[in-house]
Structure formats: C-alpha cells, structure tokens
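Since the structure comes first, as structure tokens, the remarks are kept for the end.
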Amino acid sequence: MSSPYIPLGVLYLVQGFPYGLQSGLLPVLLRSQGLSLSHIGLTRILYLPWLLKFLWSPLVDGTWHRQTWLVVSTGGLCICCALCSVLPLQATFTPLAWLLLVMHILSSMQDVALDAVTVSVLNQDQLGLGNSIQVVAYKLGSVLAGGGALTLLDILGWRAVFLLLSVGYLLAVLCAWWSRMLKEESGRQGNLKNVLSKGRLVDVVSGVFRAPGTVWTVVYVLIYKLGEQGSLSMVPLLLLDQGVSPAELGFWNGIVSLAFSIAGSAVGGVLLRKGR
C-alpha cells in the first residue's frame, strides 16, 4: 500500500462503527422494545470514553508503537463485535451496554493513535485531502453500522450483521499490520518519544487555552453539538412512534441523510484545498 490514504481511510472507516451502532441502531431497537425516551437518552453516557480520552492519550503516545496500538485496539473491536453476535436480540440491555462501552474505549484509543499517525505521515499539502478522507470515512462507517445495519437487520438477522462488522474490523487489522506506511512511521516514532516525554500535559493544555479565541470556540462547539445531537437523536424515535418501520428509518435517517452529510464534507474538503 504505497498511498497513505488507503490504510488511513480503512482505519477511519471502522472507527465510525461504534458511533453508528450507538446512534443509529441501538435507540431504535430499544424503543421498539418499549424503553422510554428518557432511559434511551441515558445511553448517551456510553460516549464518556471520548470525553476522557485525554487521560489515556499520554499512555498511547508514550508506550508501544502506534501501529501496535492500532492493531490491538482494532482487534479488540473485532472481538467485541463477535461477542455481540452471540447475544440474542431480545437479551437484556446490560451485556450489550458493557460491550458498547468497551468498544468506545478501544475506538477512542484507536483515534489517538490514528490521528497521531495522520499528522506524522502526511505533509502540509496532503493534510487537506487527508482531513476530508478522515471525516468522510468516519461518517461512512457510521452509516454502515447504523442505518445500514438497521436496514439489513430484518433481512440477515442480528448475528449475521455483527459478524459482517467483525469481518470489517478484521480486514482493518490486516491493513494496519501490513501497511508499509505504518511500519515506516513506527521507526520514526522512536526518535520522537524522547522529545514527547519531556513535555508536560498540563503545559500543553494550558498553552492551547491561552491561544486567542480558544475558549469561545469551545463554548460554540459544545452548544452546537449538544443541540444537534439532542435533536437529531430524537427524530427517528418520534418517527418510530408514528409507525415508521425500523428498516425505513435505517434507510432514510441512517443512509440518505448521512449521505448528504458525507457529500457536504467532501465538497468542503475540496473547497478548502482550492482556497489554500
């Protein structure tokens, strides 16, 4: 794989699987089983590892090679999906919730390593396209595991859907293992560890927040994302209550709507490159 975009695209693709499961598949299934909207809203706490990933970012950067972290985290996600496949569809929510929590932890670790690899291997001219691939691939992965899985659930069944997701993770593990780009990046990483170990996390974070406009940007993003996620997560459940089938929700809300989002991200990346 001579192009760096191929392994990066594959790994960002599977990184979107847990978000798709959590936001697209899980709420509709729980609502179909009679769970209240307030209880479904509480499942958002499973996203907590993404907010806390700064706690294990120094661990990922300071130990092992990034290729090793990518192989281990993606392999763990493959195992989690395989375990989900043996759970009966009507099983209690508790074991599935624990597996999803582990998947979010592993996916957030994968994100730390993968973002570091992306910044390391891409030069300044490649970052624009690389960022577009990151966003588009992640959203495409969430479509496949969310709306796509919901659409295929009635056709293939619970077990087959999660086994397909496991196969996707397995292919990503092989991609990370055999990628020449990642092997070369691992060799360069050893020289950077001594530099990174001398820095202090507190100094880095305080330096970021001292930059002009950082606080207002954080507040704006939080308000925007909380409102967006809160409203968009309730729309499919309200439609479900009005008699729309899960398969229809998976197609229109999970596939078609995110297809427009992916198209917008792709166009934004192209415009960003042209505007440099």
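We're numbering straight along the sequence, starting at 1.
Residues Leu26 and Trp158 share a hydrophobic cluster, clusters being chains of Ile/Leu/Val/Met/Phe/Trp/Tyr side chains in contact below 4.5 Å. Residues Val143 and Val136 fall within the same hydrophobic cluster, defined by Ile, Leu, Val, Met, Phe, Trp and Tyr side chains chained together at heavy-atom separations under 4.5 Å. Hydrophobic clustering (ILVMFWY, side-chain heavy atoms < 4.5 Å, transitive): Trp178 and Leu171 are in distinct clusters. Linking ILVMFWY residues whenever their side-chain heavy atoms come closer than 4.5 Å, directly or via other members, leaves Phe17 and Val10 in distinct clusters.
In terms of heavy-atom proximity, Leu77 sits nearest to Met103 at CD2-O, 3.3 Å. The two residues Tyr19 and Ser142 come nearest to each other via the heavy atoms CD2-CB, 3.8 Å. Listed here is the closest heavy atom pair of Cys80 and Val102: SG-CG1, 3.7 Å. Residues Gly75 and Val173 approach most closely at N-CG2, 3.5 Å, considering heavy atoms. Nearest heavy atoms, Ala211 versus Thr214: O-OG1, 3.0 Å.
Take Trp56 and apply the side-chain hydrogen bond (donor to acceptor under 3.5 Å, both in side chains) test, not counting sequence neighbours, and it matches Ser108. A search for side-chain hydrogen bond (donor to acceptor under 3.5 Å, both in side chains) contacts involving Ser107 returns nothing, not counting sequence neighbours. By the ring-ring contact (aromatic ring centres under 6.0 Å, His included) test, Tyr12 pairs with no residue at all, sequence neighbours left out.
Taking the six-membered ring where tryptophan is involved, the planes of Tyr138 and Trp50 are perpendicular, since the angle between them exceeds 60° and thus also 30°.
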Please step through side chain to side chain contact (heavy atoms under 4.5 Å, CB included) for the pair Thr63 and Thr68, ending with a clear verdict.
CA-CA 10 Å; Thr63 61; Thr68 304; over 6 Å; no
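A distance of 10.0 Å separates SG of Cys175 from CG of Leu70, quoted to the nearest 0.5 Å. With rounding to the nearest 0.5 angstrom, the CG atom of Leu99 is 5.5 Å from the CG atom of Leu83. How far CG of Leu21 is from SG of Cys84: 7.5 Å, rounded to the nearest 0.5 Å. Put simply, CD on Gln134 and OH on Tyr5 are 13.0 Å apart, with the number rounded to the nearest 0.5 Å. The distance from atom CG of Leu96 to atom CG of Leu101, rounded to the nearest 0.5 Å, is 11.5 Å. Atom-to-atom distance recorded for Tyr47:OH and Leu100:CG is 9.0 Å, nearest 0.5 angstrom.
No side-chain donor-acceptor contact under 3.5 Å links Ser120 to the backbone of Ala116. The main-chain N or O of Lys53 is found under 3.5 Å from a side-chain atom of Ser57 such that the two form a donor-acceptor pair. Of the possible polar contacts, one joining the Gln67 side chain to the Trp177 backbone as a donor-acceptor pair under 3.5 Å is found.
Sorted by first and then second residue, the salt bridge (Lys or Arg N to Asp or Glu O under 4.0 Å) pairs with a member in residues 75-84 form an empty list; sequence neighbours excluded. Here side chain to side chain donor-acceptor pair (under 3.5 Å) pairs that include residues 69-79, with residues two or more places apart or in two chains, are Thr74-Gln110.
A side-chain contact (heavy atoms from CB on, under 4.5 Å) with Arg66 is found for exactly one of Val117, Val60, Val71, Leu114, namely Val117.
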For residues 161-169, run the donor-acceptor check on the side chains, cut-off 3.5 Å, and write out each pair with its distance to 0.1 Å, sequence neighbours left out.
unit_1 : atom_1 : unit_2 : atom_2 : d
Ser166 : OG     : Cys78  : O      : 3.4
Ser166 : OG     : Ala82  : N      : 3.0
Ser166 : OG     : Phe162 : O      : 3.0
Tyr169 : OH     : Val14  : O      : 3.1

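Residue-environment remark: CD1 (Ile45) stays at or below the threshold of 12 foreign heavy atoms within 6.0 Å.
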